[in-house]
*Asks:* 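Quick one: this structure, given as structure tokens, is what I'll be asking you about.
The shown structure was predicted, so the numbers you read here are calculated from the model rather than taken from an experiment. Just so it is clear: chains get the letters A, B, ... in the order the sequence lines come, proteins before strands, and each one is counted from 1.
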Amino acid sequence: MPTSSAPLPTPQGDSIVRIVETARRMFARQGYESTTIKAIAEACGLTDAAVLYHFKSKRALLAAVLVRPDLPTLQVPGHTWNPHAVADALVRAYCTWAQDADSARVAISHALTEGAGPPFGEESQLAFREHVCEILRPHCGDEAEEITETVVALLTGVSIDLLLQHGHEFERMVQQPETQERLRELCLLPLPPVG
Amino acid sequence: MPLMKQLPRQPGRVTTRTRILDAALELFADQGFERTTVRQIAGRAKLTDAALYYYFPSKEQLLRSLFDERWRFREVWHARALEPSGPICPEVLERLVDRTLHGIEENALMLRLEARRCLAGDEQAIELRNQRMEHWRAMARAQFDDRFHPDEAALLVEALQAIMVHVGLRLQVESRDEIGQRIADPAFRERIYAMVRRAVPLERFSERYEATA
């Protein structure tokens, strides 16, 4: 069998993942400024030198943290237009992403300091947007792009709101049935009704 | 006005104190509370560290004074400021959007500081933000209440809020010190209006309500 290029299975790849995950949590919970390489290393059971071997600076580590996981693909059943099915799929995808919002916390703080631009990079969001747009295009034609922009703005707006209002409780809030029901109602607003 | 009560009596000190608060707000908002030193604030206010400590015994005290004294949303978003407008229509929605954008512009630094402190779990910041949002929602609700079922009015206001929160953060991140120019651009505002028309589809709801009323 050819060796896999994925970093996960090797011991070294393992510690890279562990360092990034630990840094993500610490940057999100106590702030980038207040987190030192030394503290991250200690939390991983490593030496500073071991961390610096993989990431030459805290800044480099931040860049790794800000590479966001791709948003999940939407599963929309059927070919006829059913806004409820689309809203369901949107909220399911969203809630999968929202199980861990630490990247979003770090990204917002970072963007407030340094403005838009690369590490804030929205590649994964752009891919998600394009994906939603493809689903809408056969049913919404020219309006698909604007509707997509609106749906994404609604979900982002609610996320920012919940993150700022509930802080570390955000993940728990999003998994509650009432929150998900509300998200579905909001997503339905910009989607054209049946008929 | 709470601002007046907090000011020291001597007029000479008013300006120094205000200058310190201005400097602290700019630095806290732009680079964050943790990263800002008292020395930087003093430098920007053209004072020595010792002189600054005379007015504010700690950096924390400066932060609290900013939240206590620089919170001006009540005035900006006061419901009375929006004339009684009759039934809600796209134009009224646009005015709500404009008013919100102006509030964001006028308070850009405080909002940036507020967002940072909320993310850091600062209880006073979270509490002030909740008050502000509640106040904003009350202002918006006043425009919807006559025409819609209360549950529908609440949903539509929530949608409008989500769009404006999203727009607010984008403005903070992308435009920073040029928010005024950006929101003065008719093309930019038209994009926001278009999103709001879609997120708050008035016709769909009002028809339903009038049919059942």
*Asks:* Tell me, for A120(B) versus chain A, whether the close heavy atoms (under 4.5 Å) come from the side chain, the backbone, both or neither.
*Replies:*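 Neither the backbone nor the side chain of A120(B) comes within 4.5 Å of chain A.
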*Asks:* Kindly say whether L189(A) contributes a backbone atom to a donor-acceptor pair with the side chain of R204(B) at under 3.5 angstrom?
*Replies:*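 The answer is yes, because a donor-acceptor pair under 3.5 Å joins these two groups.
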*Asks:* Side chain, backbone, both or neither: which part of S109(A) has a heavy atom under 4.5 Å from chain B?
*Replies:*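 Both parts, backbone and side chain.
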*Asks:* Does a side-chain heavy-atom distance below 4.5 Å link L90(A) with R184(A)?
*Replies:*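 L90(A) vs R184(A): side chains apart.
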*Asks:* Relative to chain B, which of V158(A), I147(A), L188(A), D161(A) shows the most heavy atom pairs under 4.5 Å?
*Replies:*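 Option with the greatest count: D161(A).
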*Asks:* Tell me, for E146(A) versus chain B, whether the close heavy atoms (under 4.5 Å) come from the side chain, the backbone, both or neither.
*Replies:*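 Backbone plus side chain of E146(A), per the 4.5 Å heavy-atom cut-off to chain B.
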*Asks:* I'd like to verify something: which residue of E185(A), R105(A), Q165(A) has the highest number of heavy-atom pairs under 4.5 Å with chain B?
*Replies:*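 Going by pairs under 4.5 Å, I would pick Q165(A).
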*Asks:* Evaluate Y94(A) against S159(A) for side chain to side chain donor-acceptor pair (under 3.5 Å), listing each step before the verdict.
*Replies:* CA-CA 10 Å; Y94(A) 173 79; S159(A) 308; 2.5 Å; yes
*Asks:* Heavy-atom pairs under 4.5 Å with chain B - which of R29(A), Q30(A), E33(A) has more of them than the others?
*Replies:*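 The option with the most such pairs is E33(A).
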*Asks:* For L191(A), which atoms come within 4.5 Å of any heavy atom of chain B: side chain, backbone, both, or neither?
*Replies:*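 The backbone, not the side chain.
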*Asks:* Between H166(B) (side chain only) and L154(A) (backbone N and O only), is there a donor and an acceptor less than 3.5 Å apart?
*Replies:*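 No, because the side chain of H166(B) does not come within donor-acceptor range (under 3.5 Å) of the backbone of L154(A).
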*Asks:* Looking at Q161(B), R129(B), Q172(B), which one has more heavy-atom pairs under 4.5 Å with chain A than the rest?
*Replies:*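 Winner by heavy-atom pair count: R129(B).
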*Asks:* Quick check on N130(B) against chain A: is it the side chain, the backbone, both or neither that has a heavy atom closer than 4.5 Å?
*Replies:*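 When you check distances to chain A, only side chain atoms of N130(B) fall under 4.5 Å.
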*Asks:* Does any backbone or side-chain atom of R116(B) lie under 4.5 Å from a heavy atom of chain A? Answer side chain, backbone, both or neither.
*Replies:*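 Both parts, backbone and side chain.
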*Asks:* Only pairs of heavy atoms separated by less than 4.5 Å count here; which of A125(B), A162(B), G121(B), A194(B) has the most with chain A?
*Replies:*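 Among the listed options, the one with the most contacts to chain A is A162(B).
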*Asks:* Shorter than 4.5 Å, heavy atoms on both sides: which option in R191(B), E158(B), E34(B), R117(B) has the most such pairs with chain A?
*Replies:*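 The residue among R191(B), E158(B), E34(B), R117(B) with the greatest pair count is E158(B).
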*Asks:* Top residue by heavy-atom pair count (under 4.5 Å) with chain B, among E143(A), H168(A), H166(A)?
*Replies:*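 Looking at each of E143(A), H168(A), H166(A) in turn, E143(A) comes out on top.
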*Asks:* Using a cut-off of under 4.5 Å for heavy-atom pairs, which of A29(B), A115(B), G32(B), G168(B) has the most such pairs with chain A?
*Replies:*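 If we count pairs closer than 4.5 Å to chain A, A115(B) comes out on top.
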*Asks:* With a 4.5 angstrom heavy-atom cut-off, which part of R176(B) approaches chain A: side chain, backbone, both or neither?
*Replies:*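 Only the side chain of R176(B) comes within 4.5 Å of chain A.
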*Asks:* Against chain A, work out which of V165(B), I126(B), L155(B), I163(B) has the most heavy-atom pairs shorter than 4.5 Å and name it.
*Replies:*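 Going by pairs under 4.5 Å, I would pick L155(B).
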*Asks:* Looking at T36(A) and A39(A), would you say the former's side chain and the latter's main chain have a donor-acceptor pair under 3.5 Å?
*Replies:*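 Side chain of T36(A) to backbone of A39(A): a pair is present.
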*Asks:* Between K59(B) (side chain only) and T36(B) (backbone N and O only), is there a donor and an acceptor less than 3.5 Å apart?
*Replies:*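 Judged by distance alone, yes, a pair lies under 3.5 Å.
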*Asks:* Using modelled atom types and a 3.5 Å cut-off, is there a donor and acceptor pairing between side-chain atoms of T179(A) and backbone atoms of Q175(A)?
*Replies:*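 Such a contact is absent between T179(A) side chain and Q175(A) backbone.
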*Asks:* Counting only non-hydrogen atoms closer than 4.5 Å, does E127(B) touch chain A with its backbone (N, CA, C, O), its side chain (CB onward), both, or neither?
*Replies:*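 Looking at E127(B), nothing touches chain A.
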*Asks:* Using 30° and 60° as the class limits, which term best fits the ring planes of H139(A) and W81(A): parallel, tilted or perpendicular?
*Replies:*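 Ring orientation, 0 to 90° scale: tilted.
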*Asks:* Does R19(B) use its side chain to pair, donor to acceptor, with the backbone of A45(B) at less than 3.5 Å?
*Replies:*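 Between the backbone of A45(B) and the side chain of R19(B) there is a qualifying donor-acceptor contact (under 3.5 Å).
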*Asks:* Are the side chain of Q180(A) and the backbone of V174(A) linked by a donor-acceptor contact shorter than 3.5 Å?
*Replies:*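 Here the side-chain-to-backbone pair exists.
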